[in-house]
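Take a look at the structure below.
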Amino acid sequence: MYTICIGDDNVYNALETLTHKNGDRVIIIDIKHLADLKDFFSKLSQSDDLNPFQRWITHDMYDFTLPNEQIKSLVLMAVHKPFYAKVELIYNGKKRTIRSLVRPDFDQASGYLKNHLNAHGYFVMPALDLPLKRLATQSGLAVYGKNNISYIEGLGSNFSYLPFYSDIPCPQDTWGEPSVADECENCDLCFKACPTGSIRKDRFLIDTSRCLSFVNEMPGEFPEWLDENIHHTAYDCLYCQINCPMNAYQINQIADTIEFDAEETNCLINGDEFVTLEERTKVKLHNLGMDAWYQAIPRNLKILLSREK
């Protein structure tokens, strides 16, 4: 990762040390590059290579409007997380175990970052609806893999981004073109691991219409071409990441098992409205990140739990 010198070097150096101590990473990005991103995505949205979903992302999803004139930078954190969690559910009287991705502890990460910068006279506020992966790769915080996922040394792909606006200055600019990890040059394991062929050799962008992560997070019936036997997590997909050499030291970082009793399992399978669930169930779903994709969870669980063990 690049080292950035800011107006008060000690503030940034202490912040970098603090984030590393917590297993996270951080970088400061000059706010002028928000205009660069806006221009890039404006041009990208006109590309004929995009499918309708990708066109919506590039044209409508992001908001590059600054909330106030005092903002000088973006503070981008990469917050580490377990690779996945084992989830135990009681289904038809039997204990069944599946895998689920895990939500990072954003509250803890944002808390120590805000406390540090506020203590030195800088404000911090959430930055919403920005292209975080592009920010990370153009700032030098991360690099791309061939699977279009971003990687950070020491974390692999085992993290999620947390962005903030701030008035902390960033006089040393590390902005540049995104790069692909050196490890990808002679490696095609992600191509071979992808069960739907969404990772393409003929272009950098993946085919989101065939990506299992996209398909199993959208509610409704699965497309006819999808083999339901390839499902292996409650949502999202880990095939390319599990097989990636850059995650060799990450795949054994498994969270503590989270248990759902028979009553909770039935509520999830039946698709009970989220607001009607018991608080203990909501907390578990939130910690697993399932609450973000709750409408698709009942369908996915039915498939995973209906398999013979």
Side-chain angles (χ1 to χ4, degrees), residues 22-24 77-113 126 128 132 149 155-163 211-222 228-239 241-242 247 250-309:
N22 283 276
D24 306 325
M77 298 186 74
V79 184
H80 79 289
K81 60 182 178 180
F83 206 72
Y84 65 88
K86 289 184 178 180
V87 180
E88 290 185 353
L89 306 100
I90 305 300
Y91 182 70
N92 289 338
K94 297 180 180 180
K95 182 180 294 186
R96 304 291 294 275
T97 302
I98 65 170
R99 284 188 293 199
S100 174
L101 277 72
V102 184
R103 183 181 185 275
D105 193 343
F106 287 130
D107 294 337
Q108 190 259 354
S110 63
Y112 75 71
L113 180 137
L128 305 177
L132 304 182
I149 291 173
L155 299 182
S157 61
N158 209 23
F159 61 87
S160 293
Y161 293 116
L162 186 61
C211 178
L212 183 58
S213 294
F214 171 75
V215 174
N216 71 11
E217 290 172 357
M218 296 296 105
E221 298 296 325
F222 286 126
E228 295 183 354
N229 290 318
I230 69 175
H231 284 285
H232 62 120
T233 56
Y235 66 96
D236 210 302
C237 177
L238 288 173
Y239 278 114
Q241 296 178 73
I242 287 175
N247 278 331
Q250 305 296 325
I251 57 177
N252 293 321
Q253 295 189 21
I254 303 172
D256 294 337
T257 300
I258 295 180
E259 301 176 354
F260 293 89
D261 61 28
E263 180 182 357
E264 291 176 300
T265 301
N266 286 334
C267 289
L268 298 181
I269 291 293
N270 293 334
D272 290 5
E273 291 188 20
F274 187 84
V275 295
T276 67
L277 300 176
E278 293 187 17
E279 192 60 32
R280 61 182 179 126
T281 308
K282 292 179 182 178
V283 170
K284 296 174 189 177
L285 293 173
H286 177 72
N287 291 339
L288 291 167
M290 289 190 194
D291 54 343
W293 315 106
Y294 184 69
Q295 288 185 310
I297 294 301
R299 177 201 59 198
N300 296 351
L301 289 183
K302 287 176 185 177
I303 291 173
L304 293 170
L305 296 176
S306 64
R307 295 175 185 164
E308 294 295 331
K309 296 293 184 181

*asked:* Tell me if the CD atom of Q295 is crowded by more than 12 foreign heavy atoms within 6.0 Å.
replied: no
_Flag if over 12 foreign heavy atoms under 6.0 Å of CG, D256_ = no
Short side-chain to backbone donor-acceptor contact, [X] and [Y], under 3.5 Å:
{"X": "H231", "Y": "L212", "answer": "no"}
{"X": "N270", "Y": "D272", "answer": "no"}
{"X": "R299", "Y": "N216", "answer": "yes"}
{"X": "R96", "Y": "L305", "answer": "yes"}
{"X": "D24", "Y": "M77", "answer": "no"}
{"X": "T265", "Y": "I90", "answer": "yes"}

*Kindly indicate whether a cation-pi arrangement holds for R99 with Y84, taking the cut-offs as under 6.0 Å to the six-membered ring centre and within 45° of the axis.*
yes
*Give the ring-plane orientation class for H232 versus Y239, where under 30° counts as parallel, over 60° as perpendicular and anything between as tilted.*
tilted
_Under the criterion side chain to side chain donor-acceptor pair (under 3.5 Å), I'd like the reasoning laid out for T257 against E88: C-alpha separation, chi angles, the key distance, then a yes or no._
CA-CA 7 Å; T257 300; E88 290 185 353; 4.9 Å; no
*asked:* Just so I know, are the side chains of S160 and V79 near enough to count as touching, which here means a heavy-atom distance under 4.5 Å?
replied: no
*Salt bridge between K95 and E259, side-chain N to carboxylate O under 4.0 Å?*
no
